[in-house]
Amino acid sequence: MSRTPRTLVGGGPSATYVLRFDGRELTAQAGQSIAAVLWGAGILAWRTTRERGAPRGAFCGIGSCYDCLVTVNGRPNQRACLVPARPGDTVTTQEGTGHAELGV
Amino acid sequence: MPSSASDHAAPGPAASGPAGPRPAPDLAVVGAGPAGLAAAVTAAGLGLRVVLLDAGERPGGQYYRHPAPGLGADRPEALHHGWAAFASREAALRAHEEAGRITYLPAHHVWTVVPDGPAWTLHAVAGPEEAAATLRARAVLLATGSYERQLPFPGWTLPGVVGAGGAQAMLKSGLVLPGKRVVVAGSGPLLLAVAGSLAAAGARVPAVVEAAAYGGYVGHVPALLRNPGKLAEAATYGSALLRRHIRLLTRHAVTAAHGTDRVEAVTVARLDRDWRPVPGTARRIPCDALAVGHGLVPQLELATGLGCATRRSADGAAALALDAEQRTSVPGIWSAGETGGVGGAQLALLEGEIAARAVAGRPVPAALAGRRARLRAFAEAMGAAHRPGAGWTDWLREDTDVCRCEEVPAGRIREAVADLGARDARTVKLLTRAGMGWCQGRMCGPAVAALAGEDPAPDRRPLSCPVPLRHLAELPPADG
Ligand code: FES
């Protein structure tokens with residue numbers, strides 16, 4: 001059996017639940033951040049930059065680089081590495097400033 | 001600063017709010033990493049009433065970052081070195097909390113500390129709702145730790161290129177990996193720990209690419225020999241790499257990452273003494289992720305905002321100038337751990353204890369002072385060995401983004417320096433917007449300073465985290 005983070009630490013999550021990312025269903029383990037759920041599904045980019053539309057995802061992993069900004073349940077500019085995933089969350093790729101829909 | 005016996009019986013203080021004013025606690029500790037946690041439990045053990053504020057949801061800081069209880073990890077210690085040191089302090093924290101001697105406020109991001117008569121007022125943003133929290137304390141201990149130093153290179157903004165500390169943090173807290181085949185690169189002892197834990201968690205690590213030469217330690221043999229524990233630690237990491245067939249390339253750097261939507265390979269080149277890539281030595285290593293970082297930099301905004309004096313540490317970064325009892329230059333403000341120069345968790349734990357004793361007016365036992373001096377000497381030797389060489393800027397291309405947030409390429413920064421006469425990072429920032437984005441220069445600061453030809457200046461950010469405007473509007477007018 002190949003090694004995984006879970007085989008290293010043992011045990012299992014108290015719950016798993018589903019969240020949606022750009023229409024795709026992903027499984028989250030209780031206690032994971034949104035960035036962790038995305039990484040777990042092999043997704044590394046969930047935002048495009050304002051200037052050049054370049055793809056970005058988590059970089060610092062601890063809330064200080066702001067590269068992992070994402071729209072969660074309609075709220076833009078959330079740091080995916082800090083925001084805990086909750087059952088039924090809808091996560092969408094954030095383009096540019098994330099304010100397109102707000103008209104600012 | 002001993003407090004009276006009657007104070008000890010009083011219920012623990014809390015952030016002021018609708019409940020109204022309570023007596024100011026003796027000590028506010030900012031940061032619940034190794035230094036802050038050790039300080040808080042030591043101070044409480046000596047009879048002080050303590051408030052411990054931390055931006056994270058669980059104590060431990062970045063070093064002892066661990067999965068949320070919901071993830072149900074049976075062996076969180078498998079991801080850590082020295083977990084017992086944390087576990088015992090966490091148990092002490094819970095006991096002191098129970099007894100009302102420590103008020104522990106997780107998810108509280110302190111963004112400013114201001115003098116308030118004989119005491120201090122701390123302002124924080126609390127919880128996901130970003131509520132305003134304000135509290136007073138008679139002394140403050142800043143244990144705000146450090147963040148990772150990043151040096152840009154072509155392709156470093158590609159998805160799949162992640163901070164070495166970031167990969168470690170995501171693994172420790174979320175039990176996830178950025179890829180299956182992960183190159184680990186940069187400089188500093190953290191790389192060995194990161195490579196070891198990524199591999200233990202199932203990643204293939206084709207190489208650890210270290211820009212420094214470990215021969216840099218040779219000039220510091222006495223500091224090394226006085227720290228046998230540290231040498232043993234290094235040997236543990238080294239043998240873990242050997243066991244997992246991980247290649248360690250010293251005096252090498254990743255000079256480019258390749259891919260379109262995500263990283264597919266990296267170019268690795270040999271470096272000369274100044275970290276300049278040696279022509280003709282480049283080769284490609286296929287991978288689906290790169291974990292990269294060039295050591296750690298003290299996080300000083302709160303301290304510099306208060307006017308605390310800084311010094312230049314051996315790795316070139318600014319650190320707080322502290323006396324033997326962890327006092328900053330501002331009376332009533334103390335600091336411990338990485339803020340005084342990056343030195344690792346053992347030193348942070350020790351300094352937290354020393355600071356707490358000093359705040360409580362207790363003498364610092366000679367044994368503690370001696371251990372601190374030895375570990376500090378070791379940290380300085382390490383810092384000197386891994387200090388970035390000036391030649392690293394040779395691997396930048398004109399179109400390599402230096403500032404990730406504002407997408408400012410190296411060419412524009414060089415133009416500001418060469419044509420517009422910018423001599424320091426501040427002027428570069430004003431001319432190019434480098435460092436003006438979301439992260440406020442945390443990622444690009446050291447690189448911009450290098451391109452401007454100066455040593456990095458101590459962090460100066462008016463706010464240490466994003467603060468809702470309504471909180472600023474509610475502040476009483478400053479009286480000084
Ligand atoms: S990854 Fe840096 S803020 Fe989330």
Side-chain angles (χ1 to χ4, degrees), chain A residues 1-17 28-47 49-69 72 75 77-79 81-86 97, chain B residues 55-57 62 65 67-79 109 128 147-148 150 156-163 165-171 173-179 197 199-203 260-263 288-289 299 401 404-407 437-439 442-443 465-466:
Chain A
M1 194 186 74
S2 66
R3 271 173 294 123
T4 65
R6 179 55 80 179
T7 54
L8 183 63
V9 300
S14 60
T16 59
Y17 31 80
Q29 301 182 33
Q32 282 184 319
S33 66
I34 284 175
V37 175
L38 292 167
W39 274 25
I43 300 167
L44 289 173
W46 50 80
R47 167 171 99 86
T49 60
R50 208 167 40 178
E51 287 284 319
R52 269 173 247 144
R56 294 281 176 86
F59 181 66
C60 74
I62 62 167
S64 59
C65 75
Y66 295 81
D67 249 334
C68 66
L69 296 178
V72 184
R75 224 174 138 201
N77 294 324
Q78 302 301 298
R79 280 172 283 176
C81 68
L82 297 185
V83 179
R86 274 163 312 199
T97 57
Chain B
E57 312 230 347
Q62 299 310 335
R65 208 172 152 99
L71 265 158
D74 284 343
R75 300 183 294 274
E77 71 278 9
L79 284 164
H109 199 135
Y147 54 92
E148 196 159 39
Q150 292 295 345
W156 77 305
T157 54
L158 270 178
V161 177
V162 302
Q168 180 89 321
M170 293 278 287
L171 173 57
S173 65
L175 304 182
V176 287
L177 297 168
S197 51
T260 41
D261 289 334
R262 59 172 299 167
V263 58
D288 60 0
Q299 183 152 326
D401 277 334
R404 298 172 70 90
C405 301
E406 295 291 312
E407 300 178 273
W438 276 98
C439 90
R442 280 188 184 81
M443 296 302 119
C465 69

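What you are looking at is a predicted structure, and each value in this text was computed from that prediction instead of being measured. Lettering follows sequence order; numbering is per chain, from 1.
With respect to chain A, the highest number of heavy-atom pairs below 4.5 Å among B/A167, B/P69, B/P67, B/A199 belongs to B/A199. Between chain B and the residues A/A35, A/A45, A/C65, the largest count of heavy-atom pairs under 4.5 Å involves A/C65. Per-residue counts of heavy-atom pairs under 4.5 Å with chain A were compared for B/S173, B/G165, B/A78, B/A203; the largest is that of B/A78. For the options B/L158, B/D261, B/L79, B/L177, heavy-atom pairs under 4.5 Å to chain A are most numerous at B/L177. With chain A as the partner, the residue from B/V162, B/V161, B/D288 showing the most heavy-atom pairs under 4.5 Å is B/V162. Considering only heavy-atom pairs separated by less than 4.5 Å from chain B, the leading option among A/Q29, A/Q78, A/R56 is A/R56. Among A/L82, A/V83, A/L69, A/V37, the residue with the largest count of heavy-atom pairs under 4.5 Å with chain B is A/L69. Taking chain A as the reference chain and counting heavy-atom pairs below 4.5 Å, the highest number among B/A73, B/G179, B/A289 is found for B/A73. The residue among A/G31, A/G40, A/G10 with the most heavy atom pairs within less than 4.5 Å of chain B is A/G10.
Between the side chain of A/T49 and the backbone N or O of A/A54, at least one donor-acceptor pair lies under 3.5 Å. Between the side chain of B/W156 and the backbone N or O of B/D401 there is at least one donor-acceptor pair closer than 3.5 Å. Between the B/R442 side chain and the B/C439 main chain, a donor and an acceptor come within less than 3.5 Å of each other. In this structure a side-chain-to-backbone donor-acceptor pair under 3.5 Å is present from A/R47 to A/D67.
Of the charged side-chain nitrogens involved, none lies within less than 4.0 Å of a carboxylate oxygen, so that B/E407 and A/R50 do not count as a salt-bridged pair.
Residue contact with chain A, scored on non-hydrogen atoms closer than 4.5 Å, involves the backbone and the side chain of B/R404 alike. In this structure, chain A has heavy atoms under 4.5 Å from both the backbone and the side chain of B/P178. Looking at B/E77, neither its backbone nor its side chain comes within 4.5 Å of chain A, counting heavy atoms on both sides. Residue A/I43: no heavy atom, backbone or side chain, is found under 4.5 Å from chain B. Within the 4.5 angstrom heavy-atom criterion, only side-chain atoms of B/L171, from C-beta onward, approach chain A. Looking at B/E148, there are no atoms closer than 4.5 Å to chain A (heavy atoms on both sides), in backbone or side chain.
The two atoms that bring A/A58 and A/C68 nearest to each other are CA-CB, 3.8 Å, heavy atoms only.
Other residues, nucleotides and ligands contribute more than 12 heavy atoms inside 6.0 Å of the CZ atom of A/R52.
Within the 4.5 Å cutoff, the side chain of B/Q62 has no heavy atoms near those of the B/Y147 side chain. Counting heavy atoms from C-beta outward, A/C60 and B/M170 have side chains that stay 4.5 Å or more apart. By the 4.5 Å heavy-atom criterion applied to side chains, A/F59 and A/Y66 are not counted as neighbours.
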